[in-house]
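Remarks on the structure that follows.
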Amino acid sequence: VIPYGEKLGLYAKHGVELDSKTLQATQTVGALLASGQLDLGITNAFSVMALNSQGSTVKAIMGQYQSQAASIIVPASSDIKTVADLKGKTIASSASTSAQLLPGLLQKNGVKPSSVKQVTVQTSALVQSLSSHRADALTGNVYAEAIAAEQALKGPVRTLKYSDLGLSGETVVYATGDKFLKEHPDALKGFIAGTQESLDAAKKDPAACVDALKAAQGAATLPNDETL
């Protein structure tokens, strides 16, 4: 929603000027925040917790999603209906929160992680690993990968949502370093206000928000129109 908010002048309204960057795959938002190379970043809550457990002072200042969107995704015709059914199966994952949480989800539901084969693939190949039968299931989000999987399979999918299986909480968060937080509290308050107003505006006109995102990032880097 940030490009849409910028287009509408919602950040400027609060005295905030943004210089947005798309990071390369080898860079991590958390590490750049911790080193002071970024003032603000979008990351996942678990990365923030992991960094802080190692002595970093990265702080989450706002949640993007209030509930866990991560899921295990399988074709609707699959015999995988519960977590227990994953034993002996191959699960494809990209480098994402849903992949990081999978071992804990399995353990919480009485399944040894070693009994499941988890393979890491590029995000662009994630859905294809399911449609080509190289994997029995994949991990992803109900608002993106599940929709993309239905399109690739040309049929419905079944989702085992982490939030229904004992794992819930914030996923995507806006974060900053402790130094920037102390030195620029008003800028962060303005960013939070602008982002909330951007979210509200996007709910009223999702198509306009998608157009702004395409203009900012390039359509080739985004999911297809139906998923968006």
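The shown structure was predicted, so the numbers you read here are calculated from the model rather than taken from an experiment.
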[Y] side chain reached by [X] side chain, heavy atoms, under 4.5 Å:
X	Y	result
L105	V111	no
L40	L188	yes
S198	L8	no
Q118	P103	yes
L130	P75	yes

For the atom pair [atom1] ([X]) and [atom2] ([Y]), what is the distance rounded to the nearest 0.5 Å?
X	Y	atom1	atom2	value
D136	D85	CG	CG	11.5 Å
D19	L38	CG	CG	10.0 Å
Y162	I72	OH	CD1	5.0 Å
K112	Q107	NZ	CD	10.5 Å
I91	I73	CD1	CD1	11.0 Å
F180	I61	CZ	CD1	8.5 Å

How about E183: does its CD atom have over 12 heavy atoms from other parts shown lying under 6.0 Å from it?
->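 Correct, the count exceeds 12.
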Neighbour count above 12 (heavy atom, 6.0 Å) for K7 NZ: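 No, not enclosed.
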Q | Candidate pair E145 and S98, rule side-chain contact (heavy atoms from CB on, under 4.5 Å), full reasoning | A | CA-CA 11 Å; E145 286 82 8; S98 58; over 6 Å; no
Nearest heavy atoms of [X] and [Y], plus distance in Å:
X	Y	answer
L10	A201	CD1-CB, 4.5 Å
V119	T90	CG2-CG2, 4.0 Å
A137	I80	CB-CD1, 4.4 Å
K161	S71	CG-OG, 3.3 Å
V127	L138	CA-CD2, 3.9 Å
A175	T43	CB-CG2, 4.1 Å

Within one Ile-Leu-Val-Met-Phe-Trp-Tyr cluster: [X] and [Y], side-chain cutoff 4.5 Å:
X	Y	result
L153	V74	no
M62	L18	yes
L165	V157	no
L101	L106	yes
L126	I147	no

| said: Just by distance, no angles: are the side chains of Q54 and S56 close enough, under 3.5 Å, to form a donor-acceptor pair? | reply: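 No, no side-chain donor-acceptor pair sits under 3.5 Å.
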Backbone N/O of T176 and side chain of D39: donor-acceptor pair under 3.5 Å:
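Pair absent, no side-chain N/O of D39 close to backbone of T176.
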(message) Working note: Q196 + I192, criterion side-chain contact (heavy atoms from CB on, under 4.5 Å); need CA distance, chi angles, decisive distance, verdict.
(response) CA-CA 6 Å; Q196 185 58 65; I192 292 172; 5.5 Å; no
Over 60° means perpendicular and under 30° means parallel, so classify the ring planes of F191 and Y174, tilted if in between.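 The arrangement is perpendicular - the two ring planes meet at more than 60°.
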Answer yes or no: is there an ion pair linking K182 with D178, defined by an N-O contact shorter than 4.0 Å?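 Counted as a salt bridge, because a side-chain N and a carboxylate O are separated by less than 4.0 Å.
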(request) In sequence, state the C-alpha distance, the side-chain angles, and the governing distance for V210 and Y4, and then conclude on side-chain contact (heavy atoms from CB on, under 4.5 Å). (result) CA-CA 8 Å; V210 168; Y4 190 40; over 6 Å; no
